[in-house]
Amino acid sequence: MDILPIFSTLRRHKITALLLVLEIALTCAIVCNAVFLISQRLQRTEMASGVAEHELLQVQVANIGKPANGKARAQEDLALLRQIPGVTAAALLNQVPFTNSSSNTSIKLDPAQKLPTLNATMYMGEGLIASFGARLVAGRDFSADEYLDYDDMRSNPELQSKVGSVVITQALGERLWPGQSALGRNIYLGDTSVRVIGVVQSLIRPSLFMGDDAAQWTMVFPLRLSAASASRYVLRTAPDQRQQVLSEAAKVLRKADPHRIVLHKDTLDDIRGAFFQNDRAMAGILVGVIAALLIVTALGIVGLASFWVAQRRRTIGVRRALGATRRNILNYFQTENFLLATIGIVLGMVLAYGINLFLMTRYELPRLPGMYFPMGAIALWLIGQLAVLGPALRAAAVPPVVATRSV
């Protein structure tokens with residue numbers, strides 16, 4: 001089909017054509033960036049934690065007053081929890097994944113550094129790696145004689161130098177020593193040097209406020225906690241026994257010490273679900289925005305095409321009388337819409353790129369991948385062709401004899 005008559009017609013309807021092009025361009029720009037943001041949010045919710053999520057549960061308690069003997073209380077609690085049928089491991093920890101708060105510290109590779117290399121989170125608790133089900137990929141776990149009492153170290157800072165070993169994640173090791181083994185290397189926490197004795201495949205930071213790139217910058221220290229310094233009991237059991245064990249664990253802890261309350265009792269799956277609730281909600285909102293924009297754009301195309309069909313009824317009749325077939329009329333309107341959509345899509349891609357640059361500088365989002373541009377273009381082309389199909393079919397159905405009577 002010769003498209004010159006189409007451009008000639010559009011020049012006589014500049015304002016309406018321009019409005020449709022701008023609508024398509026704005027929709028293309030917003031849809032491309034919104035789909036990208038949705039993929040980022042959903043990818044974030046799928047982050048690997050590095051622990052046996054479906055086997056873990058947490059019971060968090062709060063003491064009424066300070067325990068008389070926090071160390072003895074913790075050991076008694078753990079002994080009772082391990083006796084619950086179905087429990088395969090139990091530990092008292094300072095933090096668990098997906099809890100929006102974490103204990104962090106700065107790391108140096110050289111004590112003479114003025115600025116730290118990075119900031120990493122610190123997990124503490126006897127038997128943490130086994131209880132979490134974290135997978136060691138190099139080195140070893142802590143031996144029993146390497147553990148120190150955290151309460152003693154806190155009351156006597158000189159004991160900090162006794163913490164001589166640490167287990168880190170693969171991601172942290174690769175960040176500190178790219179392409180090299182982390183085993184046997186030293187890192188510095190202030191002036192204290194600790195040696196890497198083990199590497200776990202993955203162990204996520206409890207809070208992601210440092211950014212997703214730093215989510216796996218994690219260290220595990222051989223520090224034994226007491227009921228006075230920690231409140232999170234983590235238990236590992238079979239997935240189908242979690243609820244039963246969770247209920248029994250809360251009863252056991254309350255019975256062992258009536259002078260405390262159970263603040264939370266959750267499976268790690270529930271904790272993870274609550275942690276990413278806002279991400280899923282944002283993804284849902286963006287899906288709604290995309291749907292609304294596409295519907296409005298489709299309705300705009302339908303309305304404009306219907307208006308043009310009504311205005312061009314005489315012209316359509318003349319063309320039919322001169323031998324144009326229904327397919328010719330249908331193709332005319334579809335081609336016209338395709339041209340307008342293409343112009344709008346090209347402008348929309350430029351606008352999408354500009355919006356992404358703005359988001360990158362203001363909100364530290366990654367660059368919009370090029371794959372989203374053809375995806376947005378194809379979606380808008382399809383919507384445009386489907387939206388114009390109804391008015392185009394009505395135009396093609398105009399009988400020549402009816403149209404020519406008005407000439």
Side-chain angles (χ1 to χ4, degrees), residues 49-67 69-84 86-105 120-134 142 147-151 153-154 167 200 203-209 215 218-237 242-243 245-257 259-275:
S49 64
V51 302
E53 291 185 30
H54 305 313
E55 302 175 17
L56 296 179
L57 52 90
Q58 171 202 246
V59 180
Q60 186 177 9
V61 299
N63 295 306
I64 302 174
K66 188 176 181 179
N69 190 330
K71 297 178 185 178
R73 175 76 277 153
Q75 293 305 311
E76 182 181 346
D77 288 341
L78 290 172
L80 292 171
L81 292 172
R82 288 165 183 152
Q83 293 175 10
I84 296 175
V87 173
T88 57
L92 177 60
L93 310 179
N94 66 322
Q95 55 190 15
V96 297
F98 310 120
T99 50
N100 271 324
S101 63
S102 59
S103 177
N104 307 285
T105 189
T121 195
M122 302 184 296
Y123 279 97
M124 308 173 195
E126 188 174 13
L128 180 147
I129 294 175
S131 297
F132 270 166
F142 304 111
Y147 281 94
L148 299 176
D149 287 321
Y150 178 75
D151 290 356
M153 191 187 71
R154 188 167 57 174
V167 173
V200 293
L203 182 54
I204 200 167
R205 184 189 293 262
S207 174
L208 303 182
F209 73 92
T218 301
M219 303 179 291
V220 181
F221 288 94
L223 295 174
R224 185 182 297 109
L225 302 173
S226 75
S229 56
S231 61
R232 299 179 185 274
Y233 290 92
V234 172
L235 293 84
R236 188 174 178 187
T237 185
R242 285 179 297 175
Q243 293 302 326
V245 169
L246 194 61
S247 177
E248 186 64 25
K251 294 177 183 178
V252 165
L253 291 174
R254 278 194 291 259
K255 183 178 180 180
D257 186 356
H259 299 291
R260 61 183 171 187
I261 58 176
V262 174
L263 291 179
H264 303 286
K265 53 176 186 175
D266 313 278
T267 65
L268 196 60
D269 285 339
D270 292 336
I271 295 173
R272 181 183 185 124
F275 185 82

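Positions are given from 1, in the same order as the sequence printed here.
The shortest heavy-atom contact between S101 and S207 is N-CB, 3.6 Å. Across every non-hydrogen atom of L235 and A249, the tightest pair is CD2-CB, 4.2 Å. Of all non-hydrogen atoms in D151 and A228, the two that sit nearest each other are OD2-CB, 4.2 Å. Contact between A250 and V262 at its shortest, heavy atoms only, is O-CG2, 4.1 Å. Smallest separation of non-hydrogen atoms from A215 and T218: O-OG1, 4.1 Å.
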Query - Chi angles and distances behind the side-chain contact (heavy atoms from CB on, under 4.5 Å) call for N104, M122 - result: CA-CA 6 Å; N104 307 285; M122 302 184 296; over 6 Å; no

Query - Full working for side-chain contact (heavy atoms from CB on, under 4.5 Å) between Y150 and S226 - result: CA-CA 8 Å; Y150 178 75; S226 75; over 6 Å; no

Query - From CA spacing to verdict: ring-ring contact (aromatic ring centres under 6.0 Å, His included), F132, Y123 - result: CA-CA 11 Å; F132 270 166; Y123 279 97; 5.8 Å; yes

Requested in this report: Please test K265 against Q58 for side-chain contact (heavy atoms from CB on, under 4.5 Å), starting from the C-alpha separation and ending with a verdict.
Outcome: CA-CA 6 Å; K265 53 176 186 175; Q58 171 202 246; over 6 Å; no

Query - Full working for side-chain contact (heavy atoms from CB on, under 4.5 Å) between V61 and D257 - result: CA-CA 10 Å; V61 299; D257 186 356; over 6 Å; no

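Here the CG atom belonging to L78 is positioned 10.0 Å from the CG atom belonging to L225, to the nearest 0.5 angstrom. Note that CG of L203 is 11.5 Å distant from CE of M219, once rounded to the nearest 0.5 Å. Taking OG1 of T99 as the start and CD of Q60 as the end, the distance is 8.5 Å to the nearest 0.5 Å. Taken to the nearest 0.5 Å, the CE atom of M153 stands 10.0 Å off from the OG atom of S229. The OG1 atom of T267 sits 9.5 Å away from the CG atom of L56 when rounded to the nearest 0.5 Å. Atom CG of residue L80 and atom NZ of residue K255 lie 9.0 Å apart, to the nearest 0.5 angstrom.
When V220, V167, V51 are each tested for a side-chain contact (heavy atoms from CB on, under 4.5 Å) with V200, only one passes: V167.
Pairs passing the side chain to side chain donor-acceptor pair (under 3.5 Å) check and including a residue from residues 86-98, sequence neighbours excluded, read Q95-T121. Screening residues 69-83 for side chain to side chain donor-acceptor pair (under 3.5 Å) gives K71-D152, R73-E76, R73-D77, D77-Y233, D77-R260 as the qualifying pairs, with residues at least two apart or on separate chains.
Between L93 and M124, every side-chain heavy-atom pair lies at or beyond the 4.5 Å cut-off. E248 is listed as a side-chain neighbour of V252, based on a closest heavy-atom distance under 4.5 Å. The shortest distance between side-chain heavy atoms of F98 and R205 does not fall below 4.5 Å.
Not a single donor-acceptor pair under 3.5 Å links the side chain of R232 to the backbone N or O of A91.
Side-chain polar atoms of N63 and H259 form no donor-acceptor pair below 3.5 angstrom.
The side chain to side chain contact (heavy atoms under 4.5 Å, CB included) test applied to T237 returns L57, Q241, R242, V245, not counting sequence neighbours.
Taking the six-membered ring where tryptophan is involved, the planes of F142 and Y147 are perpendicular, since the angle between them exceeds 60° and thus also 30°.
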